[in-house]
There are 2 protein chains.
Amino acid sequence: MLRMGKLTDYGIVLMSYIAEHRSKQHSAHMLSDAVHMPLPTVRKILKVLSAGGLLTSERGAQGGYILSGDPADISVAQIITAIEGPIALTECVSSASQCDQETHCAVQTNWNQINNAVFHALDEVKLADMLTPTLSAARPVQFYPPSYRAKAVSLQDGDQHE
Amino acid sequence: MLRMGKLTDYGIVLMSYIAEHRSKQHSAHMLSDAVHMPLPTVRKILKVLSAGGLLTSERGAQGGYILSGDPADISVAQIITAIEGPIALTECVSSASQCDQETHCAVQTNWNQINNAVFHALDEVKLADMLTPTLSAARPVQFYPPSYRAKAVSLQDGDQHE
DNA sequence: TTAAATGATACTATAATGGTATCAATTAGG
DNA sequence: CCTAATTGATACCATTATAGTATCATTTAA
Ligand code: FES
Ligand code: FES
C-alpha cells in the first residue's frame, strides 16, 4: 500500500549521492554511471528535482547539478513532493473537496489529520539522515505485525502485492 | 504523492459507516444505497475487508457484515493494509531487498525507518476517531507549506497532480 | 424450493507509470 | 566562430495497475 513511485526512490538515491559528494558538480551522465540508472531517466528526474528547487543547475558544457541547500535542511517529504506532487493520500483531499461522495463522507475532514501526520513523519527525515548507513536504532525491520500480511488478500485477480 | 487507491478511501468510508451503525448487520445492497457507491464495487471491497478479518460475514438470506472488533481497536493502517496489501513505500523494501540497485543504494536501510514512521502515524488513527466529525484540532487544512505546491512540477507530460 | 445474500473468478476499459526519443537553448573551450 | 557538452522542454509509446463490471457457485432463512 501507499506505493510511492519507483522514480521517487531513484530521486532520493540521486539526492543522497549528490549530498555525499557535495563538493563537485554532477552531470546527468556522471550520475547515471555512478548510480547505475538509465541516463534518460536520470535526466528526467534531475530536471524535476531542479525545477522543484532542490537542485541548482548550470547549463552548457561543464554544466551540471549541485544541491541547492544543506542536506540537513532537505527533507524526504520535500523530495517526494517535488517528484510526485503534493502529498494527498486520497483523491478527495487534494482539490478542496470536489468529491461527489463528500456529502455522505463523514470521514473527509479527518483525512487532513492523517495526511498531516504522514507528512510530518516524512518531513522529519532529512537528507542528512539518509547518509548515515544505519541510524542509531538498528534496523526495526518488521514495521507491521506479521499477522497483517498473513491475512492480507488482494483486490485484483491474479494477485501479487509482495 | 503517496497516492492511496480510491477503493481504499471507499473502504474506510464503508468501515466508518458500519461502525456508526454497529447494532445492525449490513448487506452490500444496503450499504451501496447508504453510501452511494456502485454495488459491485461495494461487494468487492466488503469481501476483501472480510477476508482481511476486519469484518465478519454471514452468508445466506438475511446475511451481511458486521464489525469484527471494537472501532477503538481498528486502525486506519489495518484497513489500508487489508485493501492494498502491506505498507511499503518503495518497491525495494517490500520483498526483502531483491532490488538490483540495492548494492549502490545507501538509502535502502533507512527506508525501513521511514516506513515505520508512516505506519505508526496511520496506526494511531483508529476507526473510532474517524467518527467524531472533527477532532479537537479544528481543521489543520494546509498540511504542507504553500511554497511546496508552488514549486511542484510534474514528471508527466500533460500534467495534473491536483 | 425459492430468494437473498456472500464467495470466487474472470474480464475489460481506462488511467498512471516508467521509459525513450527528439529538438531547442545555453555555455565552455579550442 | 564553431563545436561539443550539457540542461530544458515536449512528445510519445509500452507496460502495468486500477477501477469497475459480469458471471457463476455457495450458503441459508423463510
Ligand atoms: S469519499 Fe470523498 S471525501 Fe471521502
Ligand atoms: S533503489 Fe532499491 S533499495 Fe533503493
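Because the structure is a prediction, the values reported are computed rather than measured. Every chain is numbered from 1, with letters handed out A, B, ... down the list of sequences.
Phosphate contact (OP1/OP2 of C:dA4, side-chain N/O of B:Ser27, threshold under 4.0 Å): absent. Listed pair A:Lys44 / D:dA9 fails the phosphate criterion, with no side-chain N or O lying under 4.0 Å from OP1 or OP2. Note on B:Ser57: every side-chain N or O is 4.0 Å or more away from OP1 and OP2 of C:dA5. A sub-4.0 Å separation between OP1 or OP2 of C:dG7 and a side-chain N or O of B:Ser50 is present. Residue A:Tyr10 has no polar side-chain atom (N or O) positioned under 4.0 Å from OP1 or OP2 of C:dT17.
Applying the salt bridge (charged side-chain N to carboxylate O under 4.0 Å, His left out) criterion to B:Arg59, with sequence neighbours excluded, gives no partner residue.
The shortest non-hydrogen separation linking A:Gln25 to A:Ile66 is CG-CG2, 3.6 Å. The minimum heavy-atom distance linking B:Met130 with B:Ser16 is given by the pair CB-OG, 4.2 Å. The heavy-atom pair separating A:Ile83 from A:Val48 by the smallest distance is CA-CG1, 4.1 Å. Minimum interatomic distance between B:Ile18 and B:His26 (heavy atoms only, all atoms of both residues): CG2-CD2, 4.0 Å.
Spacing between atom NZ of A:Lys6 and atom C1' of D:dA14 amounts to 14 Å, rounded to whole angstrom units. Spacing between atom CZ of A:Arg43 and atom P of D:dG8 amounts to 11 Å, rounded to whole angstrom units. B:Leu55 places its CG atom 10 Å from the P atom of C:dG7, with the value rounded to the nearest Å. Taking atom NZ of residue B:Lys47 and atom P of nucleotide C:dA10, one finds them 12 Å apart after rounding to whole Å. Note: NE2 (B:His29) to C1' (C:dA5) measures 11 Å, nearest angstrom. Rounded to a whole Å, the CG atom of A:Leu46 is 14 Å from the P atom of D:dA9. Atom CD in A:Gln25 sits about 12 Å away from atom P in C:dT27, given to the nearest Å. We find that CD of B:Glu84 is positioned 12 Å from C1' of D:dA19, with the value rounded to whole Å.
Residues A:Met15 and A:Leu67 meet the side-chain proximity criterion, which asks for heavy atoms closer than 4.5 Å. Side chains of A:Lys126 and A:Pro71 form no contact here, defined as non-hydrogen atoms less than 4.5 Å apart.
In the set C:dG19, D:dT7, C:dG7, the nucleotide with an atom closest to the side chain of A:Tyr65 is D:dT7. Looking at the side chain of B:Ala28, the nearest of the listed nucleotides C:dT6, D:dG20, C:dT20 is C:dT6.
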Anything under 3.5 Å between a protein N or O and an N or O of nucleotides 25-29 of chain D, put it in a table, one pair a line.
unit_1	atom_1	unit_2	atom_2	d
D:dT26	O2	B:Arg59	NH2	2.8
D:dT27	O2	B:Gly60	N	3.3
D:dT28	O2	B:Ala61	N	3.3

